[in-house]
Amino acid sequence: KQGVAYIHKIPTEFSIVRRFGKIVGAFPKDKSILDFIGTLADGRSIYIEAKSTQNKTSFPLSLIKDHQYDFAKEILSYTDLCFYLIYFRTRNRVYLLHVHKVETFKRKYTRKSLPLDWIEKFGIELDVADIDFMKPILKKYKIKNKEEEL
């Protein structure tokens with residue numbers, strides 16, 4: 001709406017499990033890469049993977065699948081705009097965290113989860129009522145909308 005990016009939700013195709021005509025389950029047909037892919041007004045690409053957890057004090061790294069880590073690391077060789085959007089359901093708090101920060105954490109520590117205080121330090125807390133992840137990205141990366149470029 002602001003003319004700064006076109007962001008597309010990558011649909012995940014599911015196989016439905018039915019018993020006696022009722023849906024009893026569903027599972028993804030293929031591995032998904034990331035949840036959102038987009039292009040900024042200046043032509044740069046942006047990638048976002050959304051995750052959520054019930055944990056109160058940490059985010060389990062196992063929630064990000066190996067193929068998603070690999071894809072995100074590969075993307076960083078093309079663009080610096082690759083992020084995780086992490087929602088703590090029990091706390092009703094959401095953070096934007098750069099993929100590079102998570103990769104650095106994984107190399108530096110042996111922990112299997114990101115502590116909430118670490119996420120608070122290196123991530124950006126977003127308004128849960130209006131999860132506009134573009135606002136902090138636009139500010140940090142000095143991205144202008146189409147009208148400002150003209």
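Computed from a predicted model, the values in this text were never measured in an experiment. Both backbone and side-chain heavy atoms feed into the values below; hydrogens, waters and symmetry mates do not.
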For H98 and F83, take the angle between the two ring planes, folded into 0 to 90°, and tell me which bin it lands in: parallel under 30, tilted 30 to 60, perpendicular over 60.
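Ring orientation of H98 relative to F83: perpendicular.
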Side-chain donor-acceptor pair under 3.5 Å between K51 and Q68, yes or no?
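A pair is found: one side chain offers a donor N or O, the other an acceptor, under 3.5 Å apart.
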From [atom1] ([X]) to [atom2] ([Y]), nearest 0.5 Å:
| X | Y | atom1 | atom2 | value |
| --- | --- | --- | --- | --- |
| S77 | D80 | OG | CG | 11.5 Å |
| K9 | I48 | NZ | CD1 | 11.5 Å |
| E49 | C82 | CD | SG | 9.0 Å |
| H67 | L34 | NE2 | CG | 8.5 Å |
| S113 | N55 | OG | CG | 7.5 Å |

Who are the side-chain hydrogen bond (donor to acceptor under 3.5 Å, both in side chains) partners of E125, not counting sequence neighbours?
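side-chain hydrogen bond (donor to acceptor under 3.5 Å, both in side chains) check on E125 returns R93.
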pair [X]-[Y]: side-chain heavy atoms closer than 4.5 Å:
| X | Y | value |
| --- | --- | --- |
| L96 | P136 | yes |
| H8 | D35 | no |
| I46 | L40 | yes |
| L81 | I137 | yes |
| F36 | I10 | no |

Any donor and acceptor pair, going by atom type alone, linking the side chain of R91 with main-chain N or O of K56 inside 3.5 Å?
yes
Tell me the closest heavy-atom pair linking [X] and [Y], and the distance in Å.
| X | Y | result |
| --- | --- | --- |
| E74 | Y78 | O-CD1, 3.4 Å |
| V128 | I131 | O-CG1, 3.5 Å |
| P60 | T53 | CD-OG1, 3.6 Å |

Apart from V99 itself, what residues make up its hydrophobic cluster when side-chain heavy atoms of I, L, V, M, F, W and Y under 4.5 Å apart count as a link, directly or indirectly?
F59, L61, L63, I64, Y69, L76, Y84, I86, F88, Y95, L97, V102, F105, Y109, L114, L116, W118, I119, F122
For the pair E103 and K101, find out whether any cationic side-chain nitrogen is under 4.0 Å from an anionic carboxylate oxygen.
no
